[in-house]
Number of protein chains: 2
Amino acid sequence: MTASSTHHHHSASPIWEAHARAALAAQGSRAGGARQLVIAALAGQACCASAQEIHAQIAATGGATGIASVYRTLDLLHGLSLITRIDTGDGVARFEPAHPDGAHHHHLVCDTCGSVEAFHDDALETVIHTVADRVDFRVDAHDVVLRGACRSCR
Amino acid sequence: MTASSTHHHHSASPIWEAHARAALAAQGSRAGGARQLVIAALAGQACCASAQEIHAQIAATGGATGIASVYRTLDLLHGLSLITRIDTGDGVARFEPAHPDGAHHHHLVCDTCGSVEAFHDDALETVIHTVADRVDFRVDAHDVVLRGACRSCR
DNA sequence: TTGTTTGCAAACCTTTTGCACGTTA
DNA sequence: TAACGTGCAAAAGGTTTGCAAACAA
């Protein structure tokens, strides 16, 4: 049994939040207000979210942040490999926490309604590592996106 | 022997070009000038290309086309599944001919120089189909992007 | 002729950047 | 205080759309 379900594995990551804060501090970054809000929003999301969505969610919880700070924080976190960037094909970048243990999932994107679900598959990971070893390329990361119709749109 | 090399499989597709033209005609579309130029440019490309690149290449070969017509044609072709859309992660959509026999490849993207190479792997295709069968989602297409550093940037 | 396609320009959206002000350590 | 972070507004792409002229069938 190599495959898990498509259910989300977590809807909030206090562990990741602490990890991210520590990594930033260790790197010499300061703990500004906008930065904290973005990290908290990322930690609280179930799957990937765009910069605009994170900005909106911060506003919805009473926070106030410039959109530029959201983009700058995402850029900073991504540069430190604290978040993963996902392109679901609609021209908008989405992000989600990158777990320190390397655990990650891939995405099912509905072409009709645009919803995104997560899935994980060990056999898929194994094959990708095999491919990564044989190509003349140093592979640091990989993305797999399955497109089609979700349960409700099907 | 399940895996092929990372070399490009074709640098021009007259077969695809005829196929695309026939599909458009069968569907009632007219053969306008811009449309022909975009189809010819797609047929002649080795791997995926963005709308802007296709537009530039048409200009380079003496053609003249409005960028809007390039986007409209790409949209039309994509809607008929005559081309595949690839997102390499830089926020620009890229396209390449979709072969009628379903043959396709995936991409290696260099995070340093942005170059894109193609690769194919049968085991990867098999695993993806297995995953597609088990998830609660109708999977119509899939994309795999491996990121890292190409030979020259490594 | 008649509906389709095209080109231009303007509009849209996401993302980036310059710069002055506010904040952290 | 000295460097860093933030917000605003403007700029920079890429992509889409309205519309009148050009064109294919």
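Just so we're on the same page: letters track the sequence lines, and every chain starts at 1.
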Hydrophobic cluster identity match, Leu74(A) and Ile58(A), side-chain contacts under 4.5 Å:
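Leu74(A) and Ile58(A): one cluster.
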Using a 4.0 Å heavy-atom cut-off, does Ser29(B) contact any base of the nucleic acid, only the sugar-phosphate backbone, or nothing at all?
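Sugar-phosphate: the residue Ser29(B), judged by heavy atoms under 4.0 Å, touches backbone atoms but no base.
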Tell me what Gly33(B) touches on the nucleic acid: a base, only sugar-phosphate, or nothing, going by heavy atoms under 4.0 Å.
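It contacts sugar-phosphate atoms only.
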Please test Leu77(A) against Leu24(A) for side chain to side chain contact (heavy atoms under 4.5 Å, CB included), starting from the C-alpha separation and ending with a verdict.
CA-CA 8 Å; Leu77(A) 295 172; Leu24(A) 284 184; 4.2 Å; yes
Does the side chain of His104(B) come under 3.5 Å of the side chain of Glu96(B) through a donor N or O and an acceptor N or O?
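No donor-acceptor contact under 3.5 Å links the two side chains.
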Quick one: do the Glu125(A) and His106(A) side chains pair a donor with an acceptor below 3.5 Å?
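A pair is found: one side chain offers a donor N or O, the other an acceptor, under 3.5 Å apart.
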Show, in sequence, the C-alpha distance, side-chain angles and deciding distance for Gln27(A) and Ser29(A), and conclude whether the side chain to side chain donor-acceptor pair (under 3.5 Å) test is met.
CA-CA 6 Å; Gln27(A) 190 248 353; Ser29(A) 293; 2.7 Å; yes
Looking only at atom types and distance, does a side-chain atom of [X] sit under 3.5 Å from a main-chain N or O of [Y], one as donor and one as acceptor?
X: Arg147(A); Y: Asp111(A); value: no
X: Arg151(B); Y: Asp136(A); value: no
X: Arg85(B); Y: Ala93(B); value: no

The helix from dT1(C)-dA25(D) to dA25(C)-dT1(D): angle between its terminal axes, five pairs each, to 10°?
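One end axis against the other gives 30°.
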Give me the residues of residues 56-91 of chain A where at least one heavy atom lies under 4.0 Å from an atom of DNA chain C, by number, or none.
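Within residues 56-91 of chain A, the residues near DNA chain C are Ala68(A), Tyr71(A), Arg72(A).
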Phosphate contact (dT5(C) OP1 or OP2) by Arg30(B) side-chain N/O below 4.0 Å:
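No, outside the criterion.
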Shortest non-hydrogen contact between Ala149(A) and Phe137(B), atoms and distance:
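In this case the closest contact between Ala149(A) and Phe137(B) is O-CD2, 3.6 Å.
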Would you please indicate yes or no on a ring centroid separation below 6.0 angstrom for His99(B) and His19(B)?
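Centroid distance His19(B)-His99(B): not below 6.0 Å, so no.
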Identify the 5'-most and 3'-most nucleotides of DNA chain D with at least one atom closer than 4.0 Å to a non-hydrogen atom of chain B.
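Answer, 5' to 3': dG14(D) to dA25(D).
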